[in-house]
A.B. asks: 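Pasting a structure here, questions to come.
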Amino acid sequence: MKILTCSAHLQQLEGILRKSLPIALPVFGAVLNINRGNPGQFEVLVDKWPEFGAVLARPSGEVASGDTGHCRRGVTQCPGTCQACSEQPVLWWVLGLDLGMLRHWEALQLDLWDTGSTGVGLGDDGSGTGAPAPGVRVGSLSPSHVDLLNETWPYGGNARSRRFLAEILGRFPQVCLQDGNGQPLAWVLTDHFGTGTHSYTLPEHRRHGYMQVALTVAAQRAHARGFPTFG
């Protein structure tokens, strides 16, 4: 396969994939991140250019036997010769999901972003449409919160998950609702594919609408960066 390194080609690919949503989601978020500074240090490969039939997004320099931890690789495949990927249904799948994450892909991709939900599948607090209480503010998580993230993530609790969470915390956009003392109440983290990797409300702060607020803020910020919004 051919690695796309030309910025013009990458921008062209972004436009093609955007026309093919949502079936292009497995790689679209990675391409968006690559074209916006490439914080995840990813690369995109195609079977041929410009009339490609398959697109692969993966960590730069990855080898087949490499251990990528929790990091996903996205693949979109189109039958036959395809420029717009929109003339007929495409087959897509995800490679390299760890800890059984493959069966949870559809829930994880609710990000990119679903503003019409209260966070179902991403950390629903069952809050309805309530507004956050006075004194709650929008902030961000810091590296000191990695252990908390690792303890509350369904796939966490080990050294590999901690490294992964520390990486996405330092590289990708995230939103955190904090109390008056700056302590986290609820948060939304994104990853290399622009998806909601870890969204959570602490149990003692649920049913106050915090997750809905966090998701809405995250969606607005993502939309401002050119990421699509669904819902």
Side-chain angles (χ1 to χ4, degrees), residues 14 18 21-22 25-40 42 70-72 74 101 104-133 135-143 145-146 148-150 152-156 164-179 182-203 205-231:
E14 177 182 325
R18 188 180 292 273
L21 294 173
L25 277 174
V27 294
F28 184 59
V31 173
L32 287 175
N33 275 324
I34 290 171
N35 287 338
R36 287 155 182 77
N38 199 11
F42 259 44
H70 290 80
C71 188
R72 301 194 301 277
M101 290 175 67
H104 297 285
W105 169 255
E106 291 184 356
L108 293 173
Q109 74 176 31
L110 286 176
D111 211 25
L112 273 181
W113 284 82
D114 182 359
T115 57
S117 78
T118 57
V120 175
L122 288 172
D124 181 25
D125 58 16
S127 58
T129 58
V136 176
R137 63 186 184 187
V138 176
S140 59
L141 295 163
S142 71
H145 296 126
V146 171
L148 175 63
L149 298 176
N150 198 28
T152 54
W153 194 36
Y155 312 103
F164 172 74
L165 291 167
E167 177 187 356
I168 64 172
L169 179 61
R171 293 187 177 188
F172 299 102
Q174 40 94 358
V175 172
C176 177
L177 296 189
Q178 302 171 333
D179 64 16
Q183 296 301 309
L185 305 176
W187 57 82
V188 177
L189 272 68
T190 60
D191 65 5
H192 308 74
F193 291 86
T195 59
T197 300
H198 183 12
S199 300
Y200 189 83
T201 302
L202 293 175
H205 297 291
R206 293 177 181 174
R207 306 194 67 82
H208 295 291
Y210 296 156
M211 182 52 63
Q212 184 175 5
V213 173
L215 285 171
T216 300
V217 172
Q220 292 170 342
R221 292 180 178 179
H223 186 69
R225 296 175 59 237
F227 286 69
T229 302
F230 296 97

A.B. asks: Leu21 and Pro228: which non-hydrogen atoms are nearest, and at how many Å?
C.D. replies: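 The answer is CD1-CG, 3.7 Å.
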
A.B. asks: Identify, with sequence neighbours excluded, every residue that meets salt bridge (Lys or Arg N to Asp or Glu O under 4.0 Å) alongside Arg36.
C.D. replies: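 Once residues adjacent in sequence are excluded, the partners of Arg36 under the salt bridge (Lys or Arg N to Asp or Glu O under 4.0 Å) criterion are Glu14.
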
A.B. asks: Apply side chain to side chain contact (heavy atoms under 4.5 Å, CB included) to Asn38 and list each qualifying residue two or more places apart in sequence or on a separate chain.
C.D. replies: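 Side chain to side chain contact (heavy atoms under 4.5 Å, CB included) check on Asn38 returns Ile34, Phe42.
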
A.B. asks: Classify the ring geometry of Tyr210 against His205: parallel below 30°, tilted from 30° to 60°, perpendicular beyond 60°.
C.D. replies: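 Judged by the thresholds at 30° and 60°, the geometry between Tyr210 and His205 is tilted.
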
A.B. asks: Can you tell me how far apart CZ (Phe164) and OG1 (Thr197) are? Round to the nearest 0.5 Å.
C.D. replies: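 Those atoms lie 5.0 Å apart.
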
A.B. asks: Just jot down the side chain to side chain contact (heavy atoms under 4.5 Å, CB included) partners of Pro154, sequence neighbours excluded, or say none.
C.D. replies: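 In terms of side chain to side chain contact (heavy atoms under 4.5 Å, CB included), with neighbours along the sequence ignored, Pro154 is linked to no residue.
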
A.B. asks: Going through the distances and angles, do Arg171 and Asp191 end up as a side-chain contact (heavy atoms from CB on, under 4.5 Å)?
C.D. replies: CA-CA 8 Å; Arg171 293 187 177 188; Asp191 65 5; over 6 Å; no

A.B. asks: Using side-chain contact (heavy atoms from CB on, under 4.5 Å), reason through Trp187 and Leu148 one step at a time and then give a plain yes or no.
C.D. replies: CA-CA 11 Å; Trp187 57 82; Leu148 175 63; 3.9 Å; yes

A.B. asks: Please report the interatomic distance OG1(Thr152) to NE2(His198), rounded to the nearest 0.5 Å.
C.D. replies: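 Reported value, rounded in 0.5 Å steps: 3.0 Å.
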
A.B. asks: Would you check if Val213 and Val136 make a side-chain contact, meaning some heavy-atom pair closer than 4.5 Å?
C.D. replies: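 No, every pair of side-chain atoms sits at 4.5 Å or beyond.
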
A.B. asks: Any chance you could measure Leu32, atom CG, to Arg18, atom CZ, to the nearest 0.5 Å?
C.D. replies: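 Those atoms lie 5.5 Å apart.
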
A.B. asks: Looking at Leu189 and Ser199, what are the two nearest heavy atoms and their distance?
C.D. replies: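 Of all heavy-atom pairs spanning Leu189 and Ser199, the closest is N-OG, 4.3 Å.
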
A.B. asks: If I take atom OG1 from residue Thr195 and atom CG from residue Leu25, how far apart are they, to the nearest 0.5 angstrom?
C.D. replies: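 The distance works out to 9.5 Å.
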
A.B. asks: In chain order, what residues pass the side chain to side chain contact (heavy atoms under 4.5 Å, CB included) check against Pro203, with sequence neighbours excluded?
C.D. replies: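 Here the qualifying residues are Tyr200, Arg206.
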
A.B. asks: Start with the C-alpha gap between Leu177 and Val138, add the side-chain angles, then the distance that decides, and say whether side-chain contact (heavy atoms from CB on, under 4.5 Å) holds.
C.D. replies: CA-CA 5 Å; Leu177 296 189; Val138 176; 3.6 Å; yes

A.B. asks: Under the side chain to side chain contact (heavy atoms under 4.5 Å, CB included) rule, collect the residues that match up with Ser142, sequence neighbours excluded.
C.D. replies: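 So Ser142 forms a side chain to side chain contact (heavy atoms under 4.5 Å, CB included) with Ser144, His145.
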
A.B. asks: Do Thr201 and His208 have side-chain N/O donor and acceptor atoms under 3.5 Å apart?
C.D. replies: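 His208 and Thr201 do not have a side-chain donor-acceptor pair below 3.5 Å.
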
A.B. asks: Return the minimal non-hydrogen interatomic distance between Leu141 and Cys176, and the atom names on each side.
C.D. replies: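 That closest heavy-atom pairing would be CD2-SG, 3.7 Å.
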
A.B. asks: What distance separates Asn33 CG from Phe28 CZ, expressed to the nearest 0.5 Å?
C.D. replies: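 Interatomic distance, Asn33 CG to Phe28 CZ, rounded to 0.5 Å: 10.5 Å.
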
A.B. asks: With rounding to the nearest 0.5 Å, note down the distance linking CD1 in Ile168 to CG in Leu149.
C.D. replies: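 Here the rounded value is 8.0 Å.
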
A.B. asks: Do any N or O atoms from the side chain of Thr190 and from the backbone of Phe172 form a donor-acceptor pair under 3.5 angstrom?
C.D. replies: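 No, the answer is negative, given that no donor and acceptor are paired below the 3.5 Å cut-off.
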
A.B. asks: Any idea which heavy atoms bring Ser140 and Gln178 closest together, and the distance?
C.D. replies: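 Heavy-atom minimum between the residues: O-NE2, 3.0 Å.
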
A.B. asks: List for me each residue that meets salt bridge (Lys or Arg N to Asp or Glu O under 4.0 Å) alongside Arg221, sequence neighbours excluded, and say none if there are none.
C.D. replies: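 Salt bridge (Lys or Arg N to Asp or Glu O under 4.0 Å) list for Arg221, sorted by chain: empty.
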
